[in-house]
Amino acid sequence: MWPVLPLNVHFKKPSDYKPFPLDEENLQIYSRARHAMYNACKALGWGKEDAILVPAYHHGSEIQALCDLDIQLKYYELTDKLEPNPEELDQLMTTNVRALYITHYLGFPQNAAFWRKWCDERNIMLIEDAAQAFLAERDGIPVGSHGDFSIYCLYKTYGLPDGGALVSKKPLKDNYAKAPSGVWPMVKRHINFVSEQRGEVAGLHLRFNDAMSVYKKVKNESNEKELQLGDPTTRASAMTMKLLPLLLDENTAAKRRENYRYMLSKLGELVPPPFNELPDGASPFAFPVKLNDAKEFLARLKKKGVIGQLFWLNPHPTLPKAEFPFSIELREGVMALPVHQDLSVKELDKIINAVKECLPVVQL
(Lines give C-alpha, C1' and ligand atoms only; values in the text may rest on other atoms or scores of the structure.)
Protein backbone atom coordinates (compact mmCIF):
# COMPACT_ATOMS: atom_id res chain seq x y z
CA MET A 1 0.00 0.00 0.00
CA TRP A 2 2.80 2.39 0.84
CA PRO A 3 5.94 3.31 -1.10
CA VAL A 4 8.89 1.01 -0.57
CA LEU A 5 12.45 2.07 0.17
CA PRO A 6 14.86 1.58 -2.75
CA LEU A 7 18.38 0.39 -1.98
CA ASN A 8 20.00 3.34 -3.73
CA VAL A 9 18.31 5.93 -1.51
CA HIS A 10 21.45 6.17 0.62
CA PHE A 11 23.38 7.58 -2.32
CA LYS A 12 20.93 10.38 -3.10
CA LYS A 13 21.62 14.03 -2.41
CA PRO A 14 19.41 15.80 0.13
CA SER A 15 16.53 17.71 -1.45
CA ASP A 16 16.07 21.46 -1.02
CA TYR A 17 12.30 20.87 -1.07
CA LYS A 18 10.79 21.48 2.36
CA PRO A 19 6.98 21.30 2.19
CA PHE A 20 4.52 22.29 4.91
CA PRO A 21 4.72 21.55 7.79
CA LEU A 22 8.43 20.71 7.64
CA ASP A 23 9.20 24.40 7.15
CA GLU A 24 7.24 25.49 10.22
CA GLU A 25 8.84 26.76 13.41
CA ASN A 26 6.38 25.00 15.73
CA LEU A 27 7.10 21.54 14.33
CA GLN A 28 7.74 18.37 16.31
CA ILE A 29 8.31 14.92 14.79
CA TYR A 30 7.42 11.92 16.92
CA SER A 31 7.60 8.27 15.96
CA ARG A 32 3.84 8.05 15.28
CA ALA A 33 1.06 10.54 14.61
CA ARG A 34 -0.82 9.11 17.61
CA HIS A 35 2.10 10.28 19.78
CA ALA A 36 1.75 13.75 18.29
CA MET A 37 -1.99 13.76 19.06
CA TYR A 38 -1.44 12.61 22.63
CA ASN A 39 1.25 15.16 23.40
CA ALA A 40 -0.63 18.08 21.85
CA CYS A 41 -3.76 17.38 23.92
CA LYS A 42 -1.71 16.75 27.04
CA ALA A 43 0.17 20.03 26.61
CA LEU A 44 -3.18 21.83 26.45
CA GLY A 45 -4.13 20.28 29.77
CA TRP A 46 -7.15 18.38 28.46
CA GLY A 47 -8.47 15.50 30.54
CA LYS A 48 -11.61 13.84 31.88
CA GLU A 49 -13.54 17.11 32.21
CA ASP A 50 -13.04 17.94 28.52
CA ALA A 51 -14.67 16.66 25.35
CA ILE A 52 -13.80 16.56 21.63
CA LEU A 53 -16.10 16.09 18.64
CA VAL A 54 -14.61 13.13 16.74
CA PRO A 55 -15.68 11.29 13.55
CA ALA A 56 -17.27 7.84 13.76
CA TYR A 57 -15.19 6.93 10.71
CA HIS A 58 -11.68 6.76 12.13
CA HIS A 59 -8.62 4.54 12.33
CA GLY A 60 -8.78 3.99 16.08
CA SER A 61 -5.23 4.75 17.22
CA GLU A 62 -6.01 8.48 17.34
CA ILE A 63 -9.11 7.72 19.43
CA GLN A 64 -7.04 5.56 21.78
CA ALA A 65 -4.62 8.46 22.29
CA LEU A 66 -7.56 10.58 23.48
CA CYS A 67 -8.86 7.74 25.67
CA ASP A 68 -5.47 7.44 27.32
CA LEU A 69 -5.92 11.04 28.45
CA ASP A 70 -9.49 10.30 29.68
CA ILE A 71 -10.87 12.88 27.24
CA GLN A 72 -14.60 12.51 26.58
CA LEU A 73 -15.51 11.49 23.01
CA LYS A 74 -18.56 12.87 21.21
CA TYR A 75 -18.86 10.89 17.97
CA TYR A 76 -20.43 12.43 14.88
CA GLU A 77 -21.58 10.76 11.66
CA LEU A 78 -20.35 11.85 8.25
CA THR A 79 -22.35 13.08 5.28
CA ASP A 80 -22.08 11.30 1.91
CA LYS A 81 -19.24 13.73 1.15
CA LEU A 82 -17.38 12.44 4.23
CA GLU A 83 -17.82 15.78 5.97
CA PRO A 84 -19.32 16.62 9.36
CA ASN A 85 -22.92 17.82 9.44
CA PRO A 86 -22.99 21.26 11.13
CA GLU A 87 -26.49 20.69 12.52
CA GLU A 88 -25.48 17.40 14.14
CA LEU A 89 -22.36 19.02 15.58
CA ASP A 90 -24.43 21.81 17.12
CA GLN A 91 -26.62 19.20 18.81
CA LEU A 92 -23.49 17.63 20.30
CA MET A 93 -22.08 20.91 21.58
CA THR A 94 -21.80 21.30 25.34
CA THR A 95 -19.86 23.73 27.47
CA ASN A 96 -16.99 21.27 27.94
CA VAL A 97 -16.34 20.70 24.21
CA ARG A 98 -12.82 21.91 23.50
CA ALA A 99 -12.29 21.03 19.85
CA LEU A 100 -13.62 19.69 16.57
CA TYR A 101 -11.56 16.89 15.06
CA ILE A 102 -11.71 16.55 11.25
CA THR A 103 -9.98 13.96 9.06
CA HIS A 104 -8.69 14.51 5.52
CA TYR A 105 -9.58 11.04 4.24
CA LEU A 106 -7.26 9.39 1.69
CA GLY A 107 -5.47 12.67 1.05
CA PHE A 108 -8.64 14.45 -0.12
CA PRO A 109 -8.78 17.88 1.56
CA GLN A 110 -11.75 18.82 3.70
CA ASN A 111 -13.05 22.40 3.64
CA ALA A 112 -10.93 23.32 6.63
CA ALA A 113 -11.44 27.08 6.10
CA PHE A 114 -15.18 26.59 6.70
CA TRP A 115 -14.54 24.52 9.85
CA ARG A 116 -12.01 27.06 11.08
CA LYS A 117 -14.73 29.71 10.99
CA TRP A 118 -17.25 27.33 12.55
CA CYS A 119 -14.90 26.64 15.46
CA ASP A 120 -14.05 30.32 15.95
CA GLU A 121 -17.75 31.17 16.21
CA ARG A 122 -18.09 28.63 19.03
CA ASN A 123 -14.76 29.44 20.68
CA ILE A 124 -13.37 25.93 20.31
CA MET A 125 -10.20 24.63 18.67
CA LEU A 126 -9.82 22.86 15.33
CA ILE A 127 -7.74 19.69 15.05
CA GLU A 128 -6.78 18.57 11.55
CA ASP A 129 -5.89 14.93 11.01
CA ALA A 130 -3.73 14.98 7.89
CA ALA A 131 -2.13 11.59 8.54
CA GLN A 132 -3.03 10.57 4.99
CA ALA A 133 -2.79 14.06 3.50
CA PHE A 134 0.84 15.12 3.77
CA LEU A 135 1.57 17.29 0.66
CA ALA A 136 -2.13 17.88 -0.07
CA GLU A 137 -3.56 21.37 -0.40
CA ARG A 138 -6.85 23.14 -1.03
CA ASP A 139 -7.06 26.43 -2.93
CA GLY A 140 -3.28 26.59 -2.82
CA ILE A 141 -3.20 26.34 1.00
CA PRO A 142 -1.49 23.27 2.52
CA VAL A 143 -3.74 20.88 4.40
CA GLY A 144 -3.30 21.43 8.12
CA SER A 145 -2.78 25.19 7.86
CA HIS A 146 -6.14 26.05 9.44
CA GLY A 147 -5.89 23.79 12.47
CA ASP A 148 -4.87 24.92 15.93
CA PHE A 149 -2.75 21.85 15.60
CA SER A 150 -2.44 19.26 12.85
CA ILE A 151 -0.86 15.83 12.57
CA TYR A 152 0.77 13.97 9.67
CA CYS A 153 2.13 10.46 8.99
CA LEU A 154 5.27 11.02 6.95
CA TYR A 155 5.85 7.30 6.42
CA LYS A 156 2.52 6.93 4.63
CA THR A 157 3.84 9.17 1.86
CA TYR A 158 7.47 8.03 1.76
CA GLY A 159 9.12 4.70 2.62
CA LEU A 160 10.37 5.82 6.01
CA PRO A 161 10.75 3.70 9.15
CA ASP A 162 8.37 6.00 11.07
CA GLY A 163 7.54 9.68 11.52
CA GLY A 164 4.47 11.46 12.93
CA ALA A 165 4.63 15.23 12.55
CA LEU A 166 2.84 17.76 14.75
CA VAL A 167 2.51 21.43 13.87
CA SER A 168 0.67 23.97 16.02
CA LYS A 169 -0.28 27.63 15.78
CA LYS A 170 1.17 28.19 19.23
CA PRO A 171 4.38 26.67 20.62
CA LEU A 172 3.84 23.41 22.48
CA LYS A 173 6.44 22.04 24.84
CA ASP A 174 7.95 18.92 23.31
CA ASN A 175 7.98 15.71 25.30
CA TYR A 176 10.82 13.85 23.60
CA ALA A 177 12.61 11.22 25.63
CA LYS A 178 14.38 9.00 23.13
CA ALA A 179 14.83 8.22 19.45
CA PRO A 180 15.12 4.62 18.19
CA SER A 181 17.71 3.87 15.55
CA GLY A 182 15.13 2.78 12.96
CA VAL A 183 17.61 0.38 11.35
CA TRP A 184 15.40 -2.72 11.48
CA PRO A 185 12.30 -0.96 10.10
CA MET A 186 14.53 0.43 7.34
CA VAL A 187 15.74 -3.10 6.54
CA LYS A 188 12.14 -4.34 6.35
CA ARG A 189 11.27 -1.58 3.89
CA HIS A 190 14.29 -2.55 1.80
CA ILE A 191 13.01 -6.14 1.85
CA ASN A 192 9.67 -4.86 0.53
CA PHE A 193 11.56 -3.18 -2.30
CA VAL A 194 13.43 -6.36 -3.19
CA SER A 195 10.14 -8.30 -3.06
CA GLU A 196 8.70 -6.00 -5.70
CA GLN A 197 11.67 -6.67 -7.96
CA ARG A 198 12.03 -10.43 -7.46
CA GLY A 199 9.07 -12.80 -7.70
CA GLU A 200 10.66 -15.59 -5.67
CA VAL A 201 11.42 -13.20 -2.81
CA ALA A 202 7.88 -11.82 -3.01
CA GLY A 203 6.45 -15.32 -2.61
CA LEU A 204 8.50 -16.03 0.51
CA HIS A 205 7.73 -12.61 1.89
CA LEU A 206 4.00 -13.06 1.33
CA ARG A 207 3.94 -16.47 3.02
CA PHE A 208 5.84 -15.08 6.01
CA ASN A 209 3.39 -12.19 6.34
CA ASP A 210 0.44 -14.59 6.10
CA ALA A 211 1.93 -16.75 8.85
CA MET A 212 2.44 -13.71 11.08
CA SER A 213 -1.17 -12.60 10.47
CA VAL A 214 -2.45 -16.01 11.55
CA TYR A 215 -0.23 -15.93 14.64
CA LYS A 216 -1.51 -12.48 15.63
CA LYS A 217 -5.12 -13.58 15.20
CA VAL A 218 -4.53 -16.63 17.40
CA LYS A 219 -2.92 -14.39 20.02
CA ASN A 220 -5.66 -11.78 19.49
CA GLU A 221 -2.93 -9.17 18.99
CA SER A 222 -3.79 -7.73 15.58
CA ASN A 223 -6.39 -5.06 16.26
CA GLU A 224 -5.36 -4.47 19.88
CA LYS A 225 -1.74 -3.80 18.97
CA GLU A 226 -2.84 -1.62 16.05
CA LEU A 227 -4.56 0.75 18.46
CA GLN A 228 -1.97 0.86 21.24
CA LEU A 229 -0.34 4.21 21.94
CA GLY A 230 3.09 2.88 22.87
CA ASP A 231 5.57 5.29 24.40
CA PRO A 232 4.27 8.77 23.45
CA THR A 233 7.64 10.37 24.15
CA THR A 234 9.34 8.46 21.32
CA ARG A 235 10.72 10.84 18.73
CA ALA A 236 11.12 9.88 15.07
CA SER A 237 13.95 7.42 14.53
CA ALA A 238 17.42 8.55 13.62
CA MET A 239 17.08 6.70 10.30
CA THR A 240 13.86 8.55 9.44
CA MET A 241 15.47 11.93 10.05
CA LYS A 242 18.41 10.90 7.88
CA LEU A 243 16.30 9.52 5.02
CA LEU A 244 13.58 12.16 4.91
CA PRO A 245 15.66 14.84 3.10
CA LEU A 246 16.78 12.17 0.61
CA LEU A 247 13.20 11.17 -0.26
CA LEU A 248 11.40 14.51 -0.41
CA ASP A 249 10.37 15.33 -3.97
CA GLU A 250 8.22 18.27 -5.11
CA ASN A 251 6.65 16.04 -7.80
CA THR A 252 5.31 13.45 -5.33
CA ALA A 253 1.75 14.79 -5.01
CA ALA A 254 1.46 15.39 -8.76
CA LYS A 255 2.59 11.82 -9.49
CA ARG A 256 0.04 10.45 -7.02
CA ARG A 257 -2.69 12.48 -8.74
CA GLU A 258 -1.52 11.24 -12.14
CA ASN A 259 -1.69 7.62 -11.00
CA TYR A 260 -5.08 8.20 -9.39
CA ARG A 261 -6.54 9.76 -12.56
CA TYR A 262 -5.29 6.81 -14.59
CA MET A 263 -6.91 4.33 -12.20
CA LEU A 264 -10.08 6.42 -12.18
CA SER A 265 -10.28 6.32 -15.98
CA LYS A 266 -10.24 2.50 -15.87
CA LEU A 267 -12.15 1.69 -12.68
CA GLY A 268 -14.16 4.84 -11.99
CA GLU A 269 -17.50 3.02 -11.82
CA LEU A 270 -16.30 1.20 -8.68
CA VAL A 271 -15.20 4.31 -6.79
CA PRO A 272 -17.61 5.75 -4.19
CA PRO A 273 -18.20 9.49 -3.79
CA PRO A 274 -16.54 11.79 -2.96
CA PHE A 275 -13.47 9.91 -4.25
CA ASN A 276 -14.89 9.55 -7.78
CA GLU A 277 -13.76 13.11 -8.52
CA LEU A 278 -10.16 14.15 -7.89
CA PRO A 279 -9.55 17.69 -6.56
CA ASP A 280 -6.55 19.54 -7.98
CA GLY A 281 -4.73 19.76 -4.67
CA ALA A 282 -5.28 16.20 -3.42
CA SER A 283 -2.38 13.88 -2.66
CA PRO A 284 -4.14 10.49 -2.85
CA PHE A 285 -3.10 8.01 -0.21
CA ALA A 286 -4.86 5.05 -1.85
CA PHE A 287 -7.42 4.19 -4.53
CA PRO A 288 -10.79 3.25 -2.97
CA VAL A 289 -13.15 0.66 -4.44
CA LYS A 290 -16.55 -0.11 -2.93
CA LEU A 291 -17.95 -3.64 -3.26
CA ASN A 292 -20.62 -5.74 -1.60
CA ASP A 293 -18.18 -8.52 -0.76
CA ALA A 294 -14.87 -6.76 -0.28
CA LYS A 295 -13.27 -9.55 1.80
CA GLU A 296 -13.87 -12.19 -0.86
CA PHE A 297 -12.66 -9.82 -3.54
CA LEU A 298 -9.42 -9.10 -1.68
CA ALA A 299 -8.73 -12.80 -1.28
CA ARG A 300 -9.11 -13.38 -5.03
CA LEU A 301 -7.03 -10.30 -5.80
CA LYS A 302 -4.23 -11.54 -3.57
CA LYS A 303 -3.96 -14.75 -5.60
CA LYS A 304 -3.16 -12.57 -8.60
CA GLY A 305 -0.33 -10.85 -6.79
CA VAL A 306 -2.14 -7.62 -5.89
CA ILE A 307 -2.44 -6.68 -2.22
CA GLY A 308 -5.26 -4.39 -1.14
CA GLN A 309 -6.85 -3.86 2.23
CA LEU A 310 -10.18 -3.11 3.80
CA PHE A 311 -9.91 0.48 4.87
CA TRP A 312 -10.36 0.94 8.64
CA LEU A 313 -12.42 -2.23 9.04
CA ASN A 314 -12.47 -2.16 12.85
CA PRO A 315 -13.54 0.98 14.73
CA HIS A 316 -12.37 1.84 18.21
CA PRO A 317 -14.23 -0.25 20.84
CA THR A 318 -15.84 2.89 22.32
CA LEU A 319 -17.85 3.54 19.14
CA PRO A 320 -21.54 2.53 19.48
CA LYS A 321 -21.64 1.00 16.01
CA ALA A 322 -25.41 0.68 15.75
CA GLU A 323 -25.74 4.46 15.95
CA PHE A 324 -23.44 5.08 12.97
CA PRO A 325 -24.60 2.85 10.09
CA PHE A 326 -23.01 4.92 7.32
CA SER A 327 -19.55 4.73 8.87
CA ILE A 328 -19.91 0.97 9.39
CA GLU A 329 -21.01 0.59 5.77
CA LEU A 330 -17.83 2.37 4.68
CA ARG A 331 -15.67 0.15 6.89
CA GLU A 332 -17.14 -3.08 5.55
CA GLY A 333 -17.39 -2.14 1.88
CA VAL A 334 -14.55 0.24 0.96
CA MET A 335 -11.22 -1.38 0.09
CA ALA A 336 -8.03 0.43 -0.80
CA LEU A 337 -5.58 -0.26 -3.64
CA PRO A 338 -2.06 1.15 -4.07
CA VAL A 339 -1.71 4.39 -6.03
CA HIS A 340 1.53 5.87 -4.67
CA GLN A 341 4.21 7.73 -6.61
CA ASP A 342 6.56 4.77 -7.11
CA LEU A 343 4.09 2.81 -9.26
CA SER A 344 4.65 2.73 -13.02
CA VAL A 345 1.88 2.54 -15.64
CA LYS A 346 2.80 -1.12 -16.13
CA GLU A 347 2.24 -1.81 -12.44
CA LEU A 348 -1.01 0.16 -12.43
CA ASP A 349 -2.22 -1.89 -15.41
CA LYS A 350 -1.47 -5.07 -13.48
CA ILE A 351 -3.65 -3.84 -10.62
CA ILE A 352 -6.42 -2.74 -12.99
CA ASN A 353 -6.44 -6.03 -14.92
CA ALA A 354 -6.48 -8.06 -11.72
CA VAL A 355 -9.46 -6.08 -10.44
CA LYS A 356 -11.36 -6.60 -13.68
CA GLU A 357 -10.59 -10.30 -13.72
CA CYS A 358 -11.77 -10.77 -10.14
CA LEU A 359 -14.82 -8.56 -10.38
CA PRO A 360 -17.24 -10.79 -12.36
CA VAL A 361 -16.65 -13.69 -9.96
CA VAL A 362 -17.61 -11.56 -6.97
CA GLN A 363 -20.63 -10.06 -8.74
CA LEU A 364 -21.99 -13.52 -9.57
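Side-chain atoms are counted along with the backbone in the values below, which use heavy atoms only and exclude waters and symmetry mates.
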In Tyr75, Tyr105, Tyr101, the residue satisfying ring pair (Phe, Tyr, Trp, His ring centres under 6.0 Å) with His58 is Tyr75
Take atom CG of Asp16 as the centre, draw a 6.0 Å sphere, and report whether it contains more than 12 heavy atoms from other residues, nucleotides or ligands. no
**Prompt:** Would a 4.5 Å heavy-atom cut-off, applied to side chains only, mark Leu53 and Met93 as touching?
**Reply:** yes
Would a distance-only check, ignoring hydrogens and angles, find a side-chain to backbone donor-acceptor pair under 3.5 Å from Gln341 to Ala253?
no
Is it true that atom CG of Asp90 has more than 12 heavy atoms of other residues, nucleotides or ligands lying nearer than 6.0 Å? yes
So for atom CD, which belongs to Glu87, do other residues, nucleotides or ligands contribute more than 12 heavy atoms lying within a distance under 6.0 Å? no
Taken in chain and number order and not counting sequence neighbours, the residues that satisfy side-chain hydrogen bond (donor to acceptor under 3.5 Å, both in side chains) with Thr252 are Tyr158
_Other residues, nucleotides and ligands only: do more than 12 of their heavy atoms fall within 6.0 Å of CG on Asp280?_
no
Exactly one of Thr233, Asp162, Thr234, Thr240 clears side-chain hydrogen bond (donor to acceptor under 3.5 Å, both in side chains) with Ser31, and that residue is Asp162
Checklist entry - Any chance CD of Glu277 has more than 12 other-residue heavy atoms, nucleotides or ligands included, within less than 6.0 Å? => result no
Take atom CD in Glu269; do more than 12 heavy atoms of anything else shown fall under 6.0 Å from it? yes
Can any side-chain N or O of Glu250 pair as donor or acceptor with the backbone N or O of Pro19 at less than 3.5 Å? no
For the pair Lys169 (side chain) and Ser145 (backbone), establish whether a donor and an acceptor sit closer than 3.5 Å, ignoring hydrogens and angles. yes
Residues at least two apart in sequence or cross-chain that pass side-chain contact (heavy atoms from CB on, under 4.5 Å) with Leu246, listed by chain then number, are Val9, Lys12, Pro14, Leu243
- State, yes or no, whether a side-chain contact exists between Arg256 and Pro3 at a heavy-atom distance under 4.5 Å. yes
If you group Ile, Leu, Val, Met, Phe, Trp and Tyr by side-chain heavy-atom gaps below 4.5 Å, do Tyr57 and Val143 land in one group? no
**OP:** Would you check, one step at a time, whether the test salt bridge (charged side-chain N to carboxylate O under 4.0 Å, His left out) holds for Glu329 with Lys290?
**Re:** CA-CA 10 Å; Glu329 178 187 339; Lys290 188 174 183 181; 2.6 Å; yes
Side-chain donor or acceptor of Asp148 paired with backbone N/O of Leu126 under 3.5 Å:
yes
| said: Please report whether the ring centroid of Tyr30 lies less than 6.0 Å from that of Tyr38. | reply: no
Does a side-chain heavy-atom distance below 4.5 Å link Leu330 with Trp312? no
### Query
Any side-chain donor-acceptor pair under 3.5 Å between Glu226 and His59?
yes
So do the side chains of Met37 and Ile127 get within less than 4.5 Å of each other, counting heavy atoms only?
yes
Q. Do side-chain atoms of Glu77 reach the backbone of Phe326 as a donor and acceptor pair under 3.5 angstrom?
A. yes
Q.
If hydrophobic clusters are built from ILVMFWY residues whose side chains come within less than 4.5 Å, do Phe114 and Leu82 share one?
A. yes
Residues at least two apart in sequence or cross-chain that pass side-chain hydrogen bond (donor to acceptor under 3.5 Å, both in side chains) with Asp50, listed by chain then number, are Arg98
**Message:** Measuring only between side-chain heavy atoms, which start at C-beta, is Leu160 closer than 4.5 Å to Arg189?
**Reply:** no
**Asked** Are any side-chain N or O atoms of Asn85 and backbone N or O atoms of Thr79, one a donor and one an acceptor, separated by less than 3.5 Å?
**Response** no
Worksheet item: Do Tyr17 and Ile141 belong to the same hydrophobic cluster, where Ile, Leu, Val, Met, Phe, Trp and Tyr are linked whenever their side-chain heavy atoms lie under 4.5 Å apart, directly or via other members?
Response: no
Is a donor on one side and an acceptor on the other found under 3.5 Å between the side chain of Glu62 and the backbone of Gly60? yes
Residue Lys255 excluded, over 12 heavy atoms near NZ under 6.0 Å
yes
Worksheet item: Would you call Lys266 and Asp349 a salt bridge, using N to O less than 4.0 angstrom?
Response: no
For His104, the side-chain hydrogen bond (donor to acceptor under 3.5 Å, both in side chains) test, sequence neighbours excluded, returns Glu128
Could you tell me how the ring of Tyr152 sits relative to the ring of Phe134: parallel (under 30°), tilted (30 to 60°) or perpendicular (over 60°)?
perpendicular
* Asked: Is there a donor-acceptor pair closer than 3.5 Å between any side-chain N or O of Arg257 and the backbone N or O of Ala282?
  -> yes
Hits for ring pair (Phe, Tyr, Trp, His ring centres under 6.0 Å) against Phe287, two or more places apart or cross-chain, chain-then-number order -> Tyr260
Asp120 meets the side-chain hydrogen bond (donor to acceptor under 3.5 Å, both in side chains) criterion, sequence neighbours left out, with Arg116
**Prompt:** Would you call His10 and Met186 a side-chain contact if the rule is heavy atoms closer than 4.5 Å?
**Reply:** yes
- Does the side chain of Phe311 reach to within under 4.5 Å of the side chain of Leu106, using non-hydrogen atoms? yes
| task | Please confirm whether the backbone N or O of Leu172 pairs with a side-chain atom of Gln28, one donor and one acceptor, at under 3.5 Å? | result | yes
Could you tell me if the side chain of Leu22 sits less than 4.5 Å from the side chain of Leu248, heavy atoms only?
yes
(message) For Lys74, I'd like to know if atom NZ has over 12 heavy atoms of other residues, nucleotides or ligands within 6.0 Å.
(response) yes
Is a side-chain donor or acceptor of Asp80 paired with a backbone partner of Pro273 at a separation under 3.5 angstrom? no
